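First the structure, in the form of structure tokens, and then the observations on it.
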Amino acid sequence: MIPSADAAITRDDKALILAYDHGLEHGPVDFEDVPESTDPETVFDIATHDAVTALAVQKGIAEGYYPSYEDDVELLLKLNGTSNLWMGEPNSAVNCSVDYAAELGAKAIGFTVYGGSNHEIEMVEEFREAQEAAREHDMSVVMWSYPRGQGLKNDTSAGTIAYASRLGLELGADITKVKYPGSAEAMQWACESAAGSKVVMSGGSKTSDRDFLSTVETAMRAGASGLAVGRNVFQRENPTELLDALEAVIFEEKTADEALGLMPSTNNGRATASDD
Ligand code: FBP
């Protein structure tokens, strides 16, 4: 790993990446709970929060909306992606070049690698091309390291997630994004396996404020360098409040309980009927 290669998308060596590639990966169903999130402008506005170190989007969204936000948001251009309409073995089409990402103003590239898929070999070869081109542009490299496919039934087991974070180190990612493996011990193993390169936790489907902040606190104490989160932010009625709380946990080493106190709409940390 190259020291400080991720400086443009980190703060105090930590990252809070807001992911908004769900329209491609999952489809518009992810915007149903908060229909305003269908409009990329809504999420670009959320990304102007101080806690957000980069916004990850696909090319079409960057082309249309980033010009209005380039002073306030760091762009992480996701170079590949697959729709949920694809029913084959896990794979991800490369839909943007590193040169074009740089032209659009991106400071970092994002790339999914499905280790264990029948398509692992070609995905890693595509990653190689992108990673080396990113180095030429001094752009940070973030790998979405999501083992799945073939015989990989449980893609969040401790051993699989430790292997996922190691793939990021071995293949030259500055930051590797992995699914939460379910415990502090497993997360610590994943972070140690990355041997000094950064590991960030993927947000996953929406959970309660308390559950989410507790998981983030656990991941941070286990050695994670932050979070790459989508639904747990933009599917909330008040994403700014959650970002205030995440800022406290990730950058100020506050506990989840302390951070919940920054969220008036959860009744200062006490769960309410709307706390879902
Ligand atoms: P979430 O925080 O909403 O889980 O987003 C993280 C992310 O990696 C997105 O970038 C991506 O769209 C999605 O999860 C992919 O998740 P999966 O491949 O498991 O459907």
Side-chain angles (χ1 to χ4, degrees), residues 9 15-34 37-38 40 42-43 46-47 51-62 75-93 95-96 106 108-117 119-120 123 141-149 152-157 160-161 164-165 167-168 173 175-182 190 199-209 211-213 215-216 219 224 226-236 239 242-243 246 250:
I9 57 158
L16 199 174
I17 297 165
L18 182 60
Y20 182 60
D21 56 345
H22 302 66
L24 172 65
E25 295 284 342
H26 297 163
V29 66
D30 276 12
F31 309 135
E32 275 178 0
D33 285 358
V34 180
S37 63
T38 308
T42 303
V43 179
I46 296 171
V52 176
T53 59
L55 175 66
V57 294
Q58 292 280 344
K59 173 171 74 176
I61 303 289
L75 179 65
L76 190 167
L77 210 301
K78 186 81 200 309
L79 298 186
N80 64 353
T82 331
S83 83
N84 241 350
L85 305 170
W86 168 250
M87 294 296 159
E89 179 71 4
N91 201 353
S92 195
N95 54 51
C96 184
I109 58 149
F111 207 99
T112 297
V113 173
Y114 294 130
S117 159
H119 299 290
E120 176 185 315
M123 294 188 88
V141 177
V142 183
M143 181 191 286
W144 274 231
S145 189
Y146 289 173
R148 61 180 61 160
L152 266 175
K153 299 274 185 266
N154 177 5
D155 65 3
T156 58
S157 70
T160 300
I161 298 302
S165 65
L167 288 183
I175 299 179
T176 304
K177 174 178 195 279
V178 298
K179 305 264 181 189
Y180 183 64
V199 176
V200 296
M201 186 189 97
S202 185
S205 55
K206 188 183 156 203
T207 55
S208 73
D209 297 337
D211 285 352
F212 187 58
L213 288 167
T215 305
V216 175
L227 185 64
V229 56
R231 290 165 288 177
N232 265 293
V233 170
F234 69 71
Q235 287 182 348
R236 276 181 158 70
L242 182 72
L243 286 172
L246 286 172
I250 293 172

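Being a predicted model, the structure only gives us computed values, none of them experimental. In listed order, ligands and their atoms are each counted from 1.
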Looking only at heavy atoms, what is the nearest atom pair of A56 and W144, with distance? CB-CH2, 3.9 Å

With rounding to the nearest 0.5 Å, note down the distance linking OG1 in T53 to CD1 in I175. 7.0 Å

Looking only at atom types and distance, does a side-chain atom of N232 sit under 3.5 Å from a main-chain N or O of S205, one as donor and one as acceptor? yes

With sequence neighbours excluded, tell me which residues meet side-chain hydrogen bond (donor to acceptor under 3.5 Å, both in side chains) with D30. H26

Salt bridge or not between R231 and D33? Use side-chain N to carboxylate O under 4.0 Å. no

Once the angle between the rings of F234 and F31 is folded into 0 to 90°, is it parallel (under 30°), tilted (30 to 60°) or perpendicular (over 60°)? tilted

Sub-4.0 Å heavy-atom environment of ligand 1, residues by chain: A19, D21, H22, E25, H26, W144, Y146, R148, K177, K179, S202, G203, G204, V229, G230, R231

